[in-house]
Amino acid sequence: MFKSLNCSRLTMGHKIAIWTTLLVALDQVVKILVHTHLHVGESIEVFPWFNLCYVENPGFAFGMQLGGDGGKIVLSLFRMVMIGALIYGIRYLINKGSEVPKGVIVGAVLILAGAIGNMVDSAFYGLFIEEQGTGFLTGRVIDMIHLPLFKWENAPDFLGFLVGHDGYFFGAVFNVADAYISCAVVYLLIFQYKFFNK
């Protein structure tokens, strides 16, 4: 049975689809575990610098909002357009062949998986999580990772998004999908800037 399964025969597109699916599945499993084992607002200290918190984010990055259900629907539709653009971009990169570093494609796949993971929350959690009681495209994203690295007293106002209400850097609560996107963007900017300079 397993002899007939030859991974080397998979195209790059198939491999990317498989990896994207696995990454989205991991993100969703973590969110479901948090939802089923914690209450909204509950926090557990795993390490002094790592907390598991259950936060429902009604907007996008760092809890920013566009305003009401109408804004949430606009945000969800924007996410769908961005996911389509990412898929198109990844296909374009694959077609360019060996002139595209594998690291660029890995970064793009992480961003795609993160975008899809948060889109699933927005699209369906409002329907299936009774406590949210919203609807299609208006669900709240589940966040759970809090990294209170150190207290930053009197942080400059323009860095307020990096400092939580409790005064800790990094104060935001985020999820696995957000981590995919953030790590990919930092990686691409630091290690793949030469490719983008072209």
Side-chain angles (χ1 to χ4, degrees), residues 16-46 50-91 107-148 160-166 168 170-186:
I16 286 172
I18 290 168
W19 274 109
T20 303
T21 302
L22 291 173
L23 289 166
V24 172
L26 174 62
D27 170 66
Q28 291 301 307
V29 166
V30 171
K31 288 171 178 172
I32 290 166
L33 287 173
V34 167
H35 174 69
T36 55
H37 290 80
L38 297 176
H39 301 291
V40 176
E42 186 176 353
S43 178
I44 298 172
E45 183 180 289
V46 181
F50 180 87
N51 297 330
L52 275 178
C53 307
Y54 185 175
V55 175
E56 289 185 341
N57 182 350
F60 53 106
F62 307 110
M64 293 182 280
Q65 299 179 47
L66 293 178
D69 283 350
K72 183 68 178 181
I73 290 172
V74 169
L75 176 61
S76 295
L77 294 173
F78 174 75
R79 282 180 172 146
M80 288 182 183
V81 171
M82 289 308 299
I83 288 168
L86 283 165
I87 292 170
Y88 176 83
I90 290 171
R91 289 186 65 182
V109 168
L110 283 168
I111 293 170
L112 175 63
I116 293 172
N118 284 334
M119 183 65 232
V120 169
D121 297 24
S122 295
F124 301 112
Y125 282 14
L127 294 171
F128 297 115
I129 295 180
E130 189 176 338
E131 296 85 350
Q132 290 196 9
T134 55
F136 182 61
L137 298 180
T138 57
R140 294 188 287 272
V141 174
I142 293 177
D143 292 333
M144 77 292 296
I145 302 169
H146 181 227
L147 304 175
F161 71 96
L162 289 175
V163 182
H165 64 277
D166 53 3
Y168 276 97
F170 178 76
V173 180
F174 57 100
N175 59 44
V176 176
D178 297 332
Y180 294 159
I181 296 169
S182 301
C183 291
V185 169
V186 170

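Every heavy atom of this structure was used, including side-chain atoms; hydrogens, water molecules and symmetry mates were not. Not measured: the values here are computed from a predicted model.
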Does Phe78 CZ have over 12 foreign heavy atoms under 6.0 Å away?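 It does not: Phe78 CZ has 12 such atoms or fewer within range.
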Would you say the side chain of [Y] lies within less than 4.5 Å of the side chain of [X], judging by non-hydrogen atoms?
X: Tyr54; Y: Val173; value: no
X: Met144; Y: Leu33; value: no
X: Phe174; Y: Ile181; value: no

Where [X] and [Y] come nearest, the two heavy atoms and their spacing:
X: Ala177; Y: Asp27; result: N-OD1, 3.0 Å
X: Ala113; Y: Val24; result: O-CG2, 3.6 Å
X: Asn51; Y: Pro148; result: ND2-CG, 3.5 Å
X: Leu23; Y: Tyr180; result: O-OH, 2.8 Å
X: Ser43; Y: Cys53; result: OG-SG, 3.3 Å

Within this structure, what is the [atom1]-[atom2] distance for the pair [X] and [Y], rounded to the nearest 0.5 Å?
X: Ile44; Y: His37; atom1: CD1; atom2: NE2; answer: 10.0 Å
X: Met82; Y: Leu112; atom1: CE; atom2: CG; answer: 10.5 Å
X: Arg91; Y: Leu86; atom1: CZ; atom2: CG; answer: 14.0 Å
X: Ile83; Y: Thr20; atom1: CD1; atom2: OG1; answer: 11.0 Å

Do Met119 and Leu137 pass the side-chain contact (heavy atoms from CB on, under 4.5 Å) test, and can you show the C-alpha distance, the side-chain angles, and the key distance before you say yes or no? CA-CA 8 Å; Met119 183 65 232; Leu137 298 180; 3.7 Å; yes
Report the residues that fulfil side chain to side chain donor-acceptor pair (under 3.5 Å) with Asp121, sequence neighbours left out, ordered by chain and then residue number.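 Gln28, Lys31.
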Side-chain donor or acceptor of Tyr125 paired with backbone N/O of Ile142 under 3.5 Å: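 Checking the backbone N and O of Ile142 against the side chain of Tyr125, no donor-acceptor pair under 3.5 Å is found.
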